[in-house]
Amino acid sequence: MLKSMTGFGKRETSHVGLTLSVEIRSVNHRHREVALRLPKGFWEIEDKLKALIYRHCARGRVDVTASLGGGKESSKTLSWDRGLAKQYSQALREMQRELKLKGEVDITLLAGYRDIFSFGEKAAIDEKIQKALTRLVTQALGDLDGMRRREGKMLQTDLTKRAHGIEKVIRTIERRTPIVVREYAERMKKRVAQLLDGEPVDQGRVAQELAVYAERCDVTEELIRLDSHVAQFHLLLKASEPVGRKLDFLLQEMGREVNTIGSKANNADISGMVVELKSELEKIREQVQNIE
(Lines give C-alpha, C1' and ligand atoms only; values in the text may rest on other atoms or scores of the structure.)
Protein backbone atom coordinates (compact mmCIF):
# COMPACT_ATOMS: atom_id res chain seq x y z
CA MET A 1 0.00 0.00 0.00
CA LEU A 2 1.21 3.49 -0.80
CA LYS A 3 2.27 5.75 2.04
CA SER A 4 2.37 9.52 2.03
CA MET A 5 5.40 11.26 3.51
CA THR A 6 3.15 13.63 5.46
CA GLY A 7 1.98 12.56 8.90
CA PHE A 8 1.65 13.41 12.57
CA GLY A 9 1.68 11.42 15.80
CA LYS A 10 1.56 12.43 19.44
CA ARG A 11 1.54 10.48 22.70
CA GLU A 12 1.81 11.39 26.38
CA THR A 13 2.04 9.46 29.65
CA SER A 14 2.88 9.87 33.34
CA HIS A 15 5.62 7.94 35.08
CA VAL A 16 6.64 8.24 38.75
CA GLY A 17 5.44 11.82 38.99
CA LEU A 18 6.94 12.81 35.64
CA THR A 19 5.10 13.68 32.44
CA LEU A 20 6.53 12.29 29.23
CA SER A 21 5.38 13.65 25.87
CA VAL A 22 6.38 12.76 22.31
CA GLU A 23 5.39 14.55 19.10
CA ILE A 24 6.40 13.33 15.64
CA ARG A 25 5.88 15.24 12.39
CA SER A 26 6.92 14.18 8.90
CA VAL A 27 6.88 16.02 5.58
CA ASN A 28 8.03 15.20 2.07
CA HIS A 29 11.74 15.19 1.36
CA ARG A 30 13.87 13.81 -1.46
CA HIS A 31 15.75 11.57 0.99
CA ARG A 32 15.31 10.51 4.62
CA GLU A 33 16.24 13.05 7.26
CA VAL A 34 15.59 12.52 10.98
CA ALA A 35 15.87 15.24 13.63
CA LEU A 36 15.62 14.25 17.30
CA ARG A 37 15.09 16.73 20.13
CA LEU A 38 15.31 14.83 23.40
CA PRO A 39 15.55 15.95 27.05
CA LYS A 40 18.97 15.72 28.69
CA GLY A 41 19.80 12.26 29.86
CA PHE A 42 18.24 10.38 26.96
CA TRP A 43 21.26 10.45 24.65
CA GLU A 44 21.95 6.77 25.41
CA ILE A 45 18.81 5.66 23.55
CA GLU A 46 19.09 8.08 20.62
CA ASP A 47 20.42 5.42 18.23
CA LYS A 48 17.69 3.02 19.30
CA LEU A 49 15.02 5.64 18.62
CA LYS A 50 16.48 6.42 15.20
CA ALA A 51 16.43 2.70 14.35
CA LEU A 52 12.71 2.65 15.26
CA ILE A 53 12.03 5.63 13.00
CA TYR A 54 14.00 4.09 10.11
CA ARG A 55 11.81 0.99 10.26
CA HIS A 56 8.68 3.12 9.79
CA CYS A 57 9.92 5.87 7.47
CA ALA A 58 11.95 5.17 4.32
CA ARG A 59 11.74 8.75 3.00
CA GLY A 60 10.79 12.18 4.25
CA ARG A 61 11.92 14.62 6.90
CA VAL A 62 10.92 13.36 10.33
CA ASP A 63 11.03 15.66 13.37
CA VAL A 64 10.73 14.04 16.80
CA THR A 65 10.32 16.22 19.88
CA ALA A 66 10.22 14.63 23.35
CA SER A 67 9.69 16.51 26.60
CA LEU A 68 9.98 15.54 30.25
CA GLY A 69 8.12 17.56 32.87
CA GLY A 70 7.15 17.40 36.54
CA GLY A 71 9.12 15.94 39.42
CA LYS A 72 10.60 17.91 42.29
CA GLU A 73 14.06 16.38 42.46
CA SER A 74 16.98 18.50 41.36
CA SER A 75 18.34 17.78 37.93
CA LYS A 76 21.87 18.44 39.26
CA THR A 77 24.14 15.77 40.73
CA LEU A 78 27.05 16.24 43.14
CA SER A 79 29.89 13.73 43.06
CA TRP A 80 33.31 13.52 44.66
CA ASP A 81 36.56 12.07 43.41
CA ARG A 82 37.50 9.34 45.90
CA GLY A 83 40.98 8.78 44.53
CA LEU A 84 41.83 12.48 44.61
CA ALA A 85 40.43 12.88 48.14
CA LYS A 86 42.60 9.98 49.37
CA GLN A 87 45.67 11.53 47.76
CA TYR A 88 44.94 14.88 49.44
CA SER A 89 44.46 13.17 52.80
CA GLN A 90 47.65 11.12 52.49
CA ALA A 91 49.72 14.08 51.28
CA LEU A 92 48.46 16.30 54.13
CA ARG A 93 49.28 13.67 56.77
CA GLU A 94 52.78 13.14 55.35
CA MET A 95 53.29 16.90 55.31
CA GLN A 96 52.10 17.10 58.92
CA ARG A 97 54.55 14.39 60.06
CA GLU A 98 57.57 15.67 58.18
CA LEU A 99 57.06 19.32 59.13
CA LYS A 100 55.80 18.46 62.61
CA LEU A 101 52.73 20.60 62.17
CA LYS A 102 49.87 20.83 64.62
CA GLY A 103 46.19 20.40 63.78
CA GLU A 104 44.13 17.62 62.28
CA VAL A 105 43.44 16.46 58.76
CA ASP A 106 39.66 16.18 58.86
CA ILE A 107 36.57 16.62 56.70
CA THR A 108 36.54 20.38 57.22
CA LEU A 109 40.01 20.66 55.76
CA LEU A 110 39.36 18.36 52.82
CA ALA A 111 36.08 20.12 52.00
CA GLY A 112 38.11 23.21 51.14
CA TYR A 113 39.63 21.51 48.09
CA ARG A 114 36.95 22.23 45.52
CA ASP A 115 38.43 20.10 42.78
CA ILE A 116 37.44 17.02 44.78
CA PHE A 117 33.78 17.84 44.08
CA SER A 118 31.99 18.18 40.77
CA PHE A 119 28.48 19.10 39.65
CA GLY A 120 26.70 17.66 36.66
CA GLU A 121 23.35 16.82 35.14
CA LYS A 122 21.64 13.68 36.36
CA ALA A 123 22.73 10.85 34.12
CA ALA A 124 20.52 8.29 35.57
CA ILE A 125 17.47 9.10 33.71
CA ASP A 126 16.31 5.90 35.00
CA GLU A 127 16.14 2.92 32.69
CA LYS A 128 12.39 2.61 33.29
CA ILE A 129 11.88 6.19 32.10
CA GLN A 130 13.99 5.46 29.01
CA LYS A 131 11.83 2.41 28.27
CA ALA A 132 8.69 4.50 28.81
CA LEU A 133 9.93 7.08 26.31
CA THR A 134 10.79 4.33 23.81
CA ARG A 135 7.25 2.95 24.12
CA LEU A 136 5.81 6.43 23.57
CA VAL A 137 7.91 6.94 20.44
CA THR A 138 6.76 3.53 19.14
CA GLN A 139 3.11 4.44 19.76
CA ALA A 140 3.48 7.89 18.18
CA LEU A 141 5.17 6.28 15.16
CA GLY A 142 2.16 3.97 14.88
CA ASP A 143 -0.13 7.02 14.76
CA LEU A 144 2.15 8.70 12.23
CA ASP A 145 2.27 5.55 10.10
CA GLY A 146 -1.52 5.22 10.21
CA MET A 147 -1.96 8.79 8.98
CA ARG A 148 0.62 8.28 6.23
CA ARG A 149 -1.16 5.11 5.08
CA ARG A 150 -4.59 6.77 5.05
CA GLU A 151 -3.30 9.63 2.95
CA GLY A 152 -1.42 7.15 0.78
CA LYS A 153 -4.65 5.29 0.11
CA MET A 154 -6.32 8.51 -1.05
CA LEU A 155 -3.34 9.28 -3.28
CA GLN A 156 -3.51 5.77 -4.72
CA THR A 157 -7.19 6.21 -5.61
CA ASP A 158 -6.55 9.57 -7.26
CA LEU A 159 -3.46 8.41 -9.17
CA THR A 160 -5.18 5.23 -10.38
CA LYS A 161 -8.04 7.33 -11.75
CA ARG A 162 -5.64 9.69 -13.51
CA ALA A 163 -3.63 6.80 -14.98
CA HIS A 164 -6.84 5.34 -16.41
CA GLY A 165 -7.56 8.75 -17.92
CA ILE A 166 -4.16 8.71 -19.64
CA GLU A 167 -4.91 5.25 -21.04
CA LYS A 168 -8.14 6.55 -22.56
CA VAL A 169 -6.27 9.36 -24.30
CA ILE A 170 -3.72 6.82 -25.61
CA ARG A 171 -6.55 4.75 -27.11
CA THR A 172 -8.00 7.87 -28.72
CA ILE A 173 -4.63 8.76 -30.28
CA GLU A 174 -4.25 5.18 -31.54
CA ARG A 175 -7.60 5.42 -33.31
CA ARG A 176 -6.86 8.90 -34.64
CA THR A 177 -3.39 8.24 -36.09
CA PRO A 178 -4.45 6.19 -39.19
CA ILE A 179 -7.16 8.75 -39.95
CA VAL A 180 -4.52 11.51 -39.95
CA VAL A 181 -2.60 9.74 -42.75
CA ARG A 182 -5.78 9.22 -44.82
CA GLU A 183 -6.79 12.85 -44.39
CA TYR A 184 -3.34 13.98 -45.45
CA ALA A 185 -3.52 11.69 -48.51
CA GLU A 186 -6.86 13.19 -49.57
CA ARG A 187 -5.59 16.75 -49.13
CA MET A 188 -2.41 15.95 -51.00
CA LYS A 189 -4.24 14.37 -53.95
CA LYS A 190 -6.59 17.34 -54.22
CA ARG A 191 -3.71 19.78 -54.07
CA VAL A 192 -1.71 17.91 -56.69
CA ALA A 193 -4.75 17.72 -58.99
CA GLN A 194 -5.27 21.47 -58.64
CA LEU A 195 -1.63 22.20 -59.38
CA LEU A 196 -1.46 19.91 -62.45
CA ASP A 197 -4.79 21.21 -63.75
CA GLY A 198 -5.81 18.07 -65.63
CA GLU A 199 -2.32 16.75 -66.39
CA PRO A 200 -1.65 13.06 -65.54
CA VAL A 201 -0.69 12.43 -61.90
CA ASP A 202 2.36 10.32 -61.10
CA GLN A 203 0.67 7.94 -58.66
CA GLY A 204 3.98 6.30 -57.77
CA ARG A 205 5.46 9.62 -56.67
CA VAL A 206 2.32 10.42 -54.69
CA ALA A 207 2.47 7.03 -52.98
CA GLN A 208 6.14 7.61 -52.16
CA GLU A 209 5.42 10.99 -50.57
CA LEU A 210 2.56 9.49 -48.57
CA ALA A 211 4.82 6.69 -47.32
CA VAL A 212 7.41 9.24 -46.18
CA TYR A 213 4.75 11.27 -44.41
CA ALA A 214 3.24 8.18 -42.76
CA GLU A 215 6.67 7.11 -41.53
CA ARG A 216 7.51 10.57 -40.23
CA CYS A 217 4.30 10.97 -38.22
CA ASP A 218 4.03 7.34 -37.06
CA VAL A 219 3.85 7.33 -33.24
CA THR A 220 3.11 3.63 -32.78
CA GLU A 221 6.36 2.90 -30.92
CA GLU A 222 5.90 5.89 -28.62
CA LEU A 223 2.32 4.84 -27.83
CA ILE A 224 3.43 1.28 -27.06
CA ARG A 225 6.15 2.50 -24.69
CA LEU A 226 3.79 5.02 -23.09
CA ASP A 227 1.21 2.26 -22.61
CA SER A 228 3.89 0.06 -21.03
CA HIS A 229 4.92 2.83 -18.62
CA VAL A 230 1.31 3.34 -17.54
CA ALA A 231 0.96 -0.41 -16.92
CA GLN A 232 4.09 -0.33 -14.73
CA PHE A 233 2.68 2.73 -12.97
CA HIS A 234 -0.43 0.73 -12.04
CA LEU A 235 1.70 -2.11 -10.67
CA LEU A 236 3.81 0.23 -8.56
CA LEU A 237 0.69 1.80 -7.07
CA LYS A 238 -0.15 -1.63 -5.63
CA ALA A 239 3.35 -2.37 -4.32
CA SER A 240 3.98 -2.80 -0.60
CA GLU A 241 7.47 -1.25 -0.55
CA PRO A 242 8.29 2.48 -0.95
CA VAL A 243 7.93 3.39 -4.66
CA GLY A 244 7.98 7.19 -4.74
CA ARG A 245 11.29 7.43 -6.60
CA LYS A 246 10.31 4.74 -9.11
CA LEU A 247 7.04 6.52 -9.84
CA ASP A 248 8.90 9.78 -10.33
CA PHE A 249 11.28 8.11 -12.80
CA LEU A 250 8.38 6.55 -14.74
CA LEU A 251 6.71 9.95 -15.01
CA GLN A 252 9.87 11.39 -16.56
CA GLU A 253 9.88 8.58 -19.15
CA MET A 254 6.18 9.09 -19.86
CA GLY A 255 6.82 12.80 -20.36
CA ARG A 256 9.52 12.05 -22.94
CA GLU A 257 7.20 9.80 -24.94
CA VAL A 258 4.41 12.39 -24.86
CA ASN A 259 6.80 15.10 -26.08
CA THR A 260 7.92 12.89 -28.96
CA ILE A 261 4.31 12.16 -29.91
CA GLY A 262 3.61 15.89 -29.95
CA SER A 263 6.56 16.63 -32.21
CA LYS A 264 5.85 13.79 -34.65
CA ALA A 265 2.06 13.83 -34.96
CA ASN A 266 1.33 16.61 -37.41
CA ASN A 267 -2.30 17.02 -36.41
CA ALA A 268 -4.24 19.61 -34.43
CA ASP A 269 -6.45 17.05 -32.68
CA ILE A 270 -3.50 14.96 -31.51
CA SER A 271 -1.64 18.11 -30.46
CA GLY A 272 -4.63 18.97 -28.27
CA MET A 273 -4.52 15.50 -26.72
CA VAL A 274 -0.79 15.87 -26.09
CA VAL A 275 -1.47 19.09 -24.19
CA GLU A 276 -4.07 17.20 -22.15
CA LEU A 277 -1.57 14.43 -21.40
CA LYS A 278 1.11 16.91 -20.32
CA SER A 279 -1.34 18.64 -18.01
CA GLU A 280 -2.38 15.35 -16.44
CA LEU A 281 1.22 14.18 -16.01
CA GLU A 282 2.06 17.43 -14.22
CA LYS A 283 -0.83 16.91 -11.80
CA ILE A 284 0.32 13.35 -11.17
CA ARG A 285 3.89 14.52 -10.60
CA GLU A 286 2.74 16.94 -7.90
CA GLN A 287 0.99 14.07 -6.09
CA VAL A 288 3.91 11.67 -6.49
CA GLN A 289 6.26 14.14 -4.80
CA ASN A 290 4.53 13.29 -1.52
CA ILE A 291 4.70 9.50 -1.87
CA GLU A 292 7.27 7.63 0.22
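- Other residues, nucleotides and ligands contribute only 12 or fewer heavy atoms inside 6.0 Å of the CZ atom of R114.
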Can you list, pair by pair, the side-chain donor-acceptor contacts under 3.5 Å of residues 245-253, counting residues two or more places apart and other chains?
unit_1: R245; atom_1: NH2; unit_2: R30; atom_2: O; d: 3.1
unit_1: R245; atom_1: NH2; unit_2: H31; atom_2: ND1; d: 3.0
unit_1: D248; atom_1: OD1; unit_2: Q289; atom_2: NE2; d: 3.2
unit_1: E253; atom_1: OE2; unit_2: R256; atom_2: NH1; d: 2.3

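- In the hydrophobic clustering of this structure, V230 does not group with V275; members are Ile, Leu, Val, Met, Phe, Trp, Tyr whose side-chain heavy atoms approach within less than 4.5 Å, directly or through other members.
- In this structure the side chain of V64 never reaches within 4.5 angstrom of the side chain of L49, judged on heavy atoms.
- Residues D158 and Q287 are in side-chain contact: their nearest non-hydrogen atoms beyond the backbone lie under 4.5 Å apart.
- Under the side-chain hydrogen bond (donor to acceptor under 3.5 Å, both in side chains) criterion, no residue pair touches residues 48-58, with sequence neighbours excluded.
- S271 places a side-chain N or O within donor-acceptor distance of the main-chain N or O of N267, the cut-off being under 3.5 Å.
- Residues M147 and L52 do not share a hydrophobic cluster, defined by chaining ILVMFWY side chains whose heavy atoms lie under 4.5 Å apart.
- For the pair S279 (side chain) and E276 (backbone), a donor-acceptor distance under 3.5 Å is absent.
- Atom CG of residue D63 and atom CZ of residue F8 lie 11.5 Å apart, to the nearest 0.5 angstrom.
- Look at E292 and R59 and you find no salt bridge, because none of the NZ, NE, NH1 or NH2 atoms lies under 4.0 Å from a carboxylate O.
- Put simply, CG on L277 and CD on E282 are 13.0 Å apart, with the number rounded to the nearest 0.5 Å.
- Between the side chain of T160 and the main chain of Q156, a donor-acceptor pair closer than 3.5 Å is present.
- K283 has no carboxylate O lying under 4.0 Å from a charged side-chain N of E286, or vice versa, which leaves the two without a salt bridge.
- At least one side-chain heavy atom of I284 sits less than 4.5 Å from a side-chain heavy atom of F233.
- Take K278 and apply the side chain to side chain contact (heavy atoms under 4.5 Å, CB included) test, not counting sequence neighbours, and it matches V258, N259, V274.
- Using a 4.5 Å heavy-atom cutoff, the side chains of S14 and L20 are not in contact.
- Looking at residues two or more places apart in sequence or on another chain, you find a ring pair (Phe, Tyr, Trp, His ring centres under 6.0 Å) between H234 and H164.
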How far apart are the C-alpha atoms of R82 and I116, what are their side-chain angles, what is the distance that settles it, and do they pass the side-chain contact (heavy atoms from CB on, under 4.5 Å) test? CA-CA 8 Å; R82 288 169 173 75; I116 293 176; over 6 Å; no
Contacts under 3.5 angstrom, residues 136-145 side chains, donor-acceptor by atom type, not counting sequence neighbours:
unit_1: T138; atom_1: OG1; unit_2: T134; atom_2: O; d: 2.9
unit_1: Q139; atom_1: OE1; unit_2: R11; atom_2: NH1; d: 3.4
unit_1: D143; atom_1: OD1; unit_2: R11; atom_2: NH2; d: 3.2
unit_1: D143; atom_1: OD2; unit_2: R11; atom_2: NE; d: 2.8
unit_1: D145; atom_1: OD1; unit_2: K3; atom_2: NZ; d: 2.8
unit_1: D145; atom_1: OD2; unit_2: R149; atom_2: NE; d: 2.9

Does T177 form a side-chain contact (heavy atoms from CB on, under 4.5 Å) with T220? I'd like the steps, not just the answer. CA-CA 9 Å; T177 301; T220 303; 5.7 Å; no
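- The shortest distance between side-chain heavy atoms of L226 and I261 falls below 4.5 Å.
- Distance check: Y113 OH to Y88 OH gives 6.5 Å after rounding to the nearest 0.5 Å.
- Evaluation of the side chain to side chain donor-acceptor pair (under 3.5 Å) rule for E174 yields R171 as partners, not counting sequence neighbours.
- Minimum interatomic distance between A66 and P39 (heavy atoms only, all atoms of both residues): O-CD, 3.4 Å.
- Annotation: side chain to side chain contact (heavy atoms under 4.5 Å, CB included) contacts of D81 (sequence neighbours excluded): L84.
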Would you mind writing out the side-chain donor-acceptor pairs for residues 21-28 within the sub-3.5 Å range, not counting sequence neighbours?
unit_1: E23; atom_1: OE2; unit_2: R25; atom_2: NE; d: 3.0
unit_1: E23; atom_1: OE2; unit_2: R25; atom_2: NH2; d: 3.1
unit_1: S26; atom_1: OG; unit_2: M5; atom_2: O; d: 2.9
unit_1: S26; atom_1: OG; unit_2: G7; atom_2: N; d: 3.1
unit_1: S26; atom_1: OG; unit_2: R148; atom_2: NH1; d: 3.1

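- With a 4.5 Å cut-off on side-chain heavy atoms, W43 and L38 do not count as touching.
- Annotation for L101: hydrophobic cluster partners, listed by chain and number, are M95, L99 (ILVMFWY side-chain heavy atoms under 4.5 Å, direct or chained).
- By the side chain to side chain donor-acceptor pair (under 3.5 Å) test, D47 pairs with no residue at all, sequence neighbours left out.
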*asked:* Applying side-chain contact (heavy atoms from CB on, under 4.5 Å) to L36 and F42, what does each step give before you reach the verdict?
replied: CA-CA 11 Å; L36 284 174; F42 286 94; over 6 Å; no
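- Atom CD of E221 has 12 or fewer neighbouring heavy atoms from other residues, nucleotides or ligands inside a 6.0 Å radius.
- We find the CZ-CD distance between R135 and Q130 to be 12.0 Å, quoted to the nearest 0.5 Å.
- For M273, the side chain to side chain contact (heavy atoms under 4.5 Å, CB included) partners at least two apart in sequence or on another chain are V169, T172, I173, R176, D269, I270.
- Applying the side-chain hydrogen bond (donor to acceptor under 3.5 Å, both in side chains) definition to pairs two or more places apart or across chains, those involving residues 94-107 are Q90-E94.
- For the atom pair CD1 (I224) and CD (E257), the distance works out to 10.5 Å, reported to the nearest 0.5 Å.
- Note: R150 CZ to S4 OG = 11.0 Å, rounded to the nearest 0.5 Å.
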